[in-house]
Structures are given as structure tokens and as C-alpha cells.
Chemist: 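What follows is a structure written as C-alpha cells; I'll ask about it next.
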Protein chains: 2
Amino acid sequence: MMNTTLKLLAQQLQLSISTVSRALKDHPDISKATKEKVHALANSLDYEPNAYAIQLRTQSSKIFGVIVPAIANLFYDSFIAAIEEESRKNGYALMILQSSNNTENELNNLKIFRQTRVSGVFACLSAHAQNLEVYEKMSDRDIPVVFFDIVPKDNKYTKVRMADERCAIIAAEKIIERGAKHVLAIFGDPALSISQKRKQAFQQFMEKYAPKTHCTFVNTNSSAEAEAAFDKHYSKTQKFDTVFAMTDEILIGVMKSIQAHNIKVPKEIGVISISNGFIPSLYHPVISYVETSGYELGKLAFVQMLANIKGGKTLSELTVDARFVEGKSM
Amino acid sequence: MMNTTLKLLAQQLQLSISTVSRALKDHPDISKATKEKVHALANSLDYEPNAYAIQLRTQSSKIFGVIVPAIANLFYDSFIAAIEEESRKNGYALMILQSSNNTENELNNLKIFRQTRVSGVFACLSAHAQNLEVYEKMSDRDIPVVFFDIVPKDNKYTKVRMADERCAIIAAEKIIERGAKHVLAIFGDPALSISQKRKQAFQQFMEKYAPKTHCTFVNTNSSAEAEAAFDKHYSKTQKFDTVFAMTDEILIGVMKSIQAHNIKVPKEIGVISISNGFIPSLYHPVISYVETSGYELGKLAFVQMLANIKGGKTLSELTVDARFVEGKSM
DNA sequence: AAATTTACCGCAAACGTTTGCAAAAATGAA
DNA sequence: TTCATTTTTGCAAACGTTTGCGGTAAATTT
């Protein structure tokens with residue numbers, strides 16, 4: 001089936017292409033009668049403007065690029081869901097690419113985005129350090145970049161992230177409220193700034209407001225490691241009354257061990273984590289957590305992007321607030 | 001910064017645009033010397049072909065559209081991850097839109113895809129019945145559509161899905177192997193064909209090969225309902241020795257109840273589910289399940305898409321095979 | 001009735017490519 | 001040297017829009 005174009009409409013109506021074009025976008029120069037005729041025919045032939053021709057002409061696509069380490073991830077998928085919603089509302093579509101935490105992929109993805117002339121890029125840096133000059137190249141092309149979650153240090157970039165310190169502090173507060181005496185606090189990859197921030201904030205807060213509480217700190221890189229760590233530290237002689245898990249991954253490991261040993265929550269041990277809420281809801285009793293919502297982060301990122309597109313650069317770093325969600329595990 | 005175009009390159013090299021274009025794509029008409037010069041300059045000015053101009057000229061974009069009910073979903077996100085990988089390998093990019101199980105969204109999304117002139121669409125129908133003429137419209141425009149997971153009945157469409165019957169039968173086999181006497185089998189929304197298929201296959205198999213085993217069948221629409229159903233049926237007087245969960249959602253509900261009642265798995269009750277594996281791995285003991293891999297399904301869907309694009313229509317329905325993954329819950 | 005304004009509409013260029021065809025240059029054969 | 005090939009390059013149209021500018025006819029003002 002032939003695609004209907006402006007030209008086709010124009011021929012059928014004995015009008016010029018420009019008139020048809022203007023009629024379709026309600027230009028004041030065109031009479032009401034003509035507009036109606038044009039719209040009628042356009043509908044019956046269901047005309048769809050050719051996005052590529054428009055972009056070529058106007059030099060602006062209505063597509064945003066998104067780079068995440070992995071789509072199949074509880075946090076990132078809700079982030080994506082959020083910007084997808086907002087994008088659609090604002091007439092943008094999304095192009096999503098995953099880096100798999102691999103710098104080479106990240107580079108390739110950026111290249112695709114450049115070629116596609118996306119209107120903007122949402123980027124989560126792949127885990128370990130890399131140079132950011134590819135991102136500079138985007139800026140050179142006037143393509144705004146909003147970094148999220150794992151962001152560069154330099155604050156010439158636009159970035160949104162979780163309020164990591166706040167998260168950790170809220171968790172610490174709740175742990176103190178509980179009157180914990182011995183806490184096992186498990187954090188993630190020590191090389192990641194997110195782990196460092198959370199750990200530091202947590203530790204400082206505990207030392208200041210509950211100096212008598214004994215804290216054991218552990219770093220683990222996976223669910224299995226967290227399980228092993230909990231196993232190891234949870235001996236008869238030195239029992240913890242509270243455990244803190246910095247991420248869902250860690251929580252999963254901890255809970256496995258807790259279930260294996262048939263430890264009673266919250267009676268024998270209190271559990272608290274930082275999470276977006278899905279994993280904590282899986283257990284009985286439901287785990288208490290400090291919420292870090294990928295969804296919220298997505299909304300925030302989108303606001304930043306729009307600001308960026310509308311009026312020049314916004315060089316700020318925004319964070320989404322944390323809040324405690326009460327479960328039954330504390 | 002100015003975008004480098006063919007025209008710019010041509011001017012600088014004192015060549016025509018067509019020569020530059022051909023040189024860049026290694027056309028045999030162009031001399032080696034010229035090619036080298038062109039490539040050199042193109043590199044140093046890092047020329048990126050304008051995808052929109054190409055599409056406009058060639059009438060073919062290198063983009064696939066994907067419609068899923070929700071991105072934030074254990075099954076769909078792995079499906080997406082799979083086609084993203086394949087797409088990138090084959091020089092395609094992905095545009096992902098979520099329908100939120102809402103027909104209106106689905107329609108809008110399709111419209112965007114038509115406007116973007118995507119090369120193909122991967123579509124998962126939103127849960128409840130709808131008319132498929134929008135999809136016909138895609139075919140009219142020569143845009144192939146590969147349906148996945150929730151697919152239309154009519155087999156003039158190209159579709160890939162899980163081997164639902166096989167899944168259910170494998171589960172039934174394992175339940176029989178276990179020597180179950182009383183089983184509680186919980187299925188999903190009875191309006192969905194996936195629920196019907198699985199239930200029917202399961203029931204038939206049990207009746208045929210283990211007529212003495214007593215099965216109770218329940219349909220639930222959510223995790224919470226599944227939890228309630230298990231609660232209700234698990235009374236002192238009528239204990240089940242095995243429970244079968246048709247989906248992750250159901251498994252989550254069941255496990256909550258099991259944890260709440262502190263029922264011992266697999267001693268007091270055996271648990272088996274159909275899943276992609278993530279949720280079953282969260283518990284202790286690890287739950288046995290029949291694997292339905294979104295990832296595998298994605299790979300299969302991509303093969304179908306490519307076949308569709310290359311050589312005409314392939315009107316087949318393909319299914320990805322199921323396999324049992326042994327946990328410790330049976 | 002002439003002059004001015006207003007309301008509509010069309011022309012044509014431009015966006016950056018690709019590609020059929022023709023033209024020019026280089027090479028070989030006679 | 002001249003003609004026939006072969007190799008290399010350029011011309012120009014086309015893809016479907018948008019938009020500045022200019023034009024015509026009707027409506028309004030003098």
C-alpha cells in the first residue's frame with residue numbers, strides 16, 4: 001500500500017503542498033473551509049507525517065537515548081518506565097541501549113545516538129572509571145546529557161542521583177530507634193562511590209549518635225557473598241540483633257541465610273535495607289527499607305532533560321529524597 | 001559545532017558529493033587513492049552519516065519497535081535484553097514502548113512506530129481481547145510484526161511463545177515423581193489463554209497418569225490473591241503435600257504464606273513453579289521450577305523477525321522449549 | 001472609482017543522502 | 001595517431017517536509 005504524503009493529498013485536493021502542510025498544522029493563513037477539506041482527506045487516507053523528512057528539515061528528532069548497564073534490573077527498569085511515561089506525554093520516543101557495564105558497548109551506543117541525532121541522552125556510566133570525552137562529543141553536537149545513578153564527579157555535568165547519604169542515615173536512625181546493640185552492616189563493591197558514600201554516612205552517624213552500639217562492617221560483591229558473609233558472622237557466640245543491607249542484592253543473600261537458619265524476624269534479628277521496595281515485599285514478614293525509587297529518579301531526570309533542552313545548560317546535581325517504608329522486620 | 005556532511009567533505013576535497021558518498025561505502029567505481037583521501041578527511045572531521053536523510057532516501061530505518069505491557073517486569077525485561085543484544089549485533093536499534101496493558105496506549109504506540117517507519121515490530125498484546133486491525137495496518141505498510149508471549153489466535157500472524165502445555169506437563173511429571181497425594185495448583189487469570197492452556201494440559205496429564213492424586217485448582221489474579229488462596233486451602237484438616245504455582249506472581253504469594261506459617265519446604269510441602277528463575281532463587285530452599293526464559297524467547301523472536309524481513313512472510317508459530325530446573329523444594 | 005488592506009494560497013529552496021546515467025579521463029589496441 | 005575500451009568522476013533528481021517570500025483576489029477604506 002502506498003504511503004500517503006503531502007504531495008498526494010495536494011494532488012487530490014488540487015492544492016499546493018505548502019497549503020496542505022499549513023492546513024494540517026492549523027496555520028492561521030489557511031481558511032477554515034480548506035483546513036476542513038484537508039483534514040478530512042488526510043484522515044480517510046490516514047496520513048502519517050514522515051518523521052524522517054521532518055527531522056531532516058527541522059534538524060531535530062523527537063527521540064531520547066537511554067544507556068543503562070542492564071535493562072533486566074529492578075532498579076533500572078523502573079527508571080526506564082518512568083522516563084518512558086514522561087517521554088510519551090511530551091511527544092518523545094525512547095531508544096534504549098544497554099552497556100552491560102562494558103565501555104566498548106557504551107561507546108558504540110553513544111555513536112548510534114549521535115547518528116540518530118537524538119534530542120538528548122540519559123546515561124548511567126558503566127561501573128568502573130572511563131573517560132568522558134565521548135560525552136563531551138555529545139555536548140559539542142548540542143545533545144544534552146543527563147547522567148543518572150552512577151554519575152561523573154565533575155560538576156560541569158547535569159546529573160541526578162539518589163540521596164545516598166540520606167538513605168544511609170535514615171537507616172541508621174531506625175536502627176538506633178530499635179535499640180540495636182550489635183549490628184551487621186553489609187555494603188556493596190567498595191570501589192563504587194555509592195558504596196563509599198553510604199558506608200561513610202552510616203558509620204559517622206552511628207558513631208556520633210550511638211557510640212555504644214557495636215557495628216561490624218562488611219563489603220560484598222554479590223548476593224552469594226552476602227549470604228556467605230552473614231553465615232560467617234552469625235555465630236552462636238556473637239549474635240547480631242540487627243542487619244543492614246545496602247542493596248537488594250545483599251538483602252537477597254542475607255534473607256537466604258536467615259531462612260536457612262530459620263532465624264525469627266524481627267524477634268531474633270531486625271532487618272533493614274535500601275531498596276526500591278519489590279524485593280522487601282517478597283518476604284514474610286515484609287522487610288522495612290529506605291526507599292530509593294528508580295521511578296522517582298526517572299521523573300526527576302526527565303525534568304532536568306526538559307530544562308536542559310528548553311533553556312541552555314543547568315549545571316546542577318539533583319538528588320531524589322529518601323523515605324523510610326515501614327515493614328514488619330524491625 | 002557544525003555537523004560534517006557529505007557536502008562539506010566534497011567541498012574540502014574538491015570532489016563531488018556523489019564521489020564522496022561512494023568512496024565512503026567502498027563502491028568499486030571509486031579509485032583507491034580517492035577512497036583513502038575521503039576516509040582520512042571523514043575520520044578527522046568525524047563524519048557521521050545522517051540517519052534521517054538516509055531513511056528518507058532509502059525508505060528504510062534501522063529501528064525495531066517493541067511493545068510490552070511493562071518494562072519493569074522480570075520476564076519482559078529479559079526478553080528486551082535479548083532482542084537488544086541481537087539488534088545491536090545486526091545494526092538495528094530498539095525503540096521500546098509500554099502499553100501498561102491499556103489498549104489506548106497500545107494504539108498510540110503503534111502510531112509512533114508507523115511514524116518512525118520502524119523496520120519491524122515486536123508486540124505483546126495487552127492482556128484482554130482487542131481488535132487487531134491496527135496490526136493489519138502495519139502489515140499494509142510492509143512492516144513485519146512478530147507477536148510474542150501473548151499472541152493472537154489467528155495463525156496468519158507470526159508469533160513466538162512459550163511452550164505452555166509442555167511447561168505444565170513437565171511440572172505435572174515432577175509432581176507425580178514426587179508421589180504427591182494432594183496438590184494445590186494455582187493458575188492465573190482464567191480469561192487469559194495462557195492460563196487456560198497450562199491448566200488444561202496440567203489437568204489432563206494428571207488425570208491420565210495419576211488419577212488417584214487429588215488436585216485442587218484455583219485461579220488468582222495477583223500475588224495477594226494467591227497468598228489468600230493458599231492460606232484458605234491450607235487448613236489442618238486438609239493438608240496439601242505439594243503446591244504448583246503457574247507464575248512468579250503466584251509463587252510470591254504462596255511463599256509468603258509458607259513463610260508466615262513456617263511450613264517446612266520440602267518436608268511438609270513440595271513447591272514447584274513456572275518461572276524464568278529469578279524469583280525461585282530468592283528462597284531457601286531454592287524452589288524447583290520449569291524454566292520459561294524471556295531471554296530465549298527474545299532470541300527466537302529476533303530470528304523470526306529477520307526471516308520476515310529477508311524473505312517474505314513466515315507464517316509459523318514457534319515456541320521455545322521448556323526444561324526443568326532442579327531446586328531443593330521437591 | 002481608485003487606493004489600500006486583508007485573507008488566502010503557491011513557488012521554490014533547503015535539509016543530507018543515494019543512485020541511474022552521462023561525461024571525462026586514462027588506458028589499450030589498431 | 002586514432003579509435004575503442006575501461007576506469008573514474010560528476011550531474012541531477014528524488015525522498016517528504018517546512019517556511020520565507022511573493023502573488024492574487026476579495027474586502028475595506030478613501
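Protein chains get the first letters and strands the later ones, always in sequence-line order, with residue 1 at the start of each. Atom set for the values below is all heavy atoms of this structure, side chains included, hydrogens, waters and symmetry mates excluded.
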Chemist: What is the distance, to the nearest angstrom, from the CG atom on Leu8(A) to the P atom on dT17(D)?
Modeler: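 Checked: the CG to P distance equals 10 Å.
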Chemist: For Lys7(A), give me all partners under salt bridge (charged side-chain N to carboxylate O under 4.0 Å, His left out), at least two apart in sequence or on another chain.
Modeler: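 Per chain and number, Lys7(A) pairs via salt bridge (charged side-chain N to carboxylate O under 4.0 Å, His left out) with no residue.
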Chemist: So which of Tyr295(A), Phe148(A), Phe302(A) actually passes ring-ring contact (aromatic ring centres under 6.0 Å, His included) with Phe79(A)?
Modeler: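 The single option meeting the ring-ring contact (aromatic ring centres under 6.0 Å, His included) with Phe79(A) is Phe148(A).
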Chemist: Closest nucleotide of DNA chain D for Ser18(B) versus for Ser18(A): which of these residues is on the 5' side?
Modeler: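 Its nearest nucleotide lies further toward 5', so the answer is Ser18(B).
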Chemist: For Leu15(A), which contact category applies under a 4.0 Å heavy-atom criterion: base, sugar-phosphate, or nothing?
Modeler: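 Since only primed, P, OP1 and OP2 atoms lie under 4.0 Å of Leu15(A), the category is sugar-phosphate.
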Chemist: What I'd like to find out is whether the side chain of Val66(B) reaches to under 4.5 Å of the side chain of Val121(B), using heavy atoms alone.
Modeler: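 No; the side chains remain at least 4.5 Å from each other.
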Chemist: Could you tell me how far apart Gln11(B) (CD) and dG16(C) (C1') are, to the nearest whole angstrom?
Modeler: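 Result: 13 Å.
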Chemist: How close or far is atom C1' of dT19(C) from atom CD1 of Ile54(B), stated in whole angstroms?
Modeler: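 Distance check: Ile54(B) CD1 to dT19(C) C1' gives 14 Å.
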Chemist: Find which nucleotide of DNA chain C each of Tyr47(B) and Lys35(A) is nearest to by heavy atoms, and output the residue with the more 5' nucleotide.
Modeler: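 Result: Lys35(A).
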Chemist: For Lys62(A) and dT17(D), give me the distance from atom NZ to atom P, rounded to whole Å.
Modeler: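 Atom NZ in Lys62(A) sits about 17 Å away from atom P in dT17(D).
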Chemist: Between atom CD1 in Ile17(A) and atom P in dC21(D), what is the gap in whole Å?
Modeler: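 To the nearest whole Å, that distance equals 21 Å.
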Chemist: Asn50(B) CG to dA14(C) P: how many Å, rounded?
Modeler: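 The distance from CG of Asn50(B) to P of dA14(C) comes to 17 Å, rounded to the nearest Å.
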Chemist: Strictly below 4.0 Å: does Thr19(A) bring a side-chain N or O up to OP1 or OP2 of dC9(C)?
Modeler: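 Checking dC9(C) against Thr19(A), no side-chain N or O comes under 4.0 Å of OP1 or OP2.
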Chemist: How long is the line joining CG of Leu6(A) and P of dC11(C), in whole Å?
Modeler: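 Checked: the CG to P distance equals 15 Å.
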Chemist: Tell me which donor-acceptor pairs under 3.5 Å the side chains of residues 70-77 of chain B have, and how far apart each pair is, sequence neighbours excluded?
Modeler:
| unit_1 | atom_1 | unit_2 | atom_2 | d |
| --- | --- | --- | --- | --- |
| Asn73(B) | OD1 | Phe75(B) | N | 2.6 |
| Asn73(B) | OD1 | Tyr76(B) | N | 3.0 |
| Tyr76(B) | OH | Asp149(B) | OD2 | 2.8 |

Chemist: Near DNA chain D, which residues from residues 20-34 of chain A have a heavy atom under 4.0 Å away?
Modeler: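 Result for residues 20-34 of chain A: Ser21(A), Arg22(A), Lys25(A), sorted by number.
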Chemist: For the pair made of OH in Tyr52(B) and C1' in dA14(C), what is the distance, rounded to whole Å?
Modeler: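 Those two atoms, OH and C1', are 19 Å apart.
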Chemist: Nearest to the side chain of Ser16(B) - dG10(C), dG10(D), dG16(C)?
Modeler: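 Of the candidates, dG10(D) comes closest.
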Chemist: Mind jotting down which residue pairs meet the ring-ring contact (aromatic ring centres under 6.0 Å, His included) criterion with at least one end in residues 95-124 of chain A? Sequence neighbours excluded, please.
Modeler: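 Checked against ring-ring contact (aromatic ring centres under 6.0 Å, His included) - neighbours excluded - the pairs reaching residues 95-124 of chain A are Phe64(A)-Phe122(A).
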Chemist: Please, which pairs that meet ring-ring contact (aromatic ring centres under 6.0 Å, His included) have at least one residue in residues 12-58 of chain B, sequence neighbours excluded?
Modeler: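 Counting only pairs at least two positions apart or across chains, the ring-ring contact (aromatic ring centres under 6.0 Å, His included) contacts touching residues 12-58 of chain B are Tyr52(A)-Tyr52(B).
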Chemist: Tell me whether the OP1 or OP2 atom of dC15(C) has a side-chain N or O from Lys7(B) closer than 4.0 Å.
Modeler: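 True: Lys7(B) side-chain N/O within range (under 4.0 Å) of dC15(C) OP1/OP2.
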Chemist: Side chain to side chain donor-acceptor pair (under 3.5 Å) with Lys37(A): which residues, sequence neighbours excluded?
Modeler: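 Applying side chain to side chain donor-acceptor pair (under 3.5 Å) to Lys37(A) gives none.
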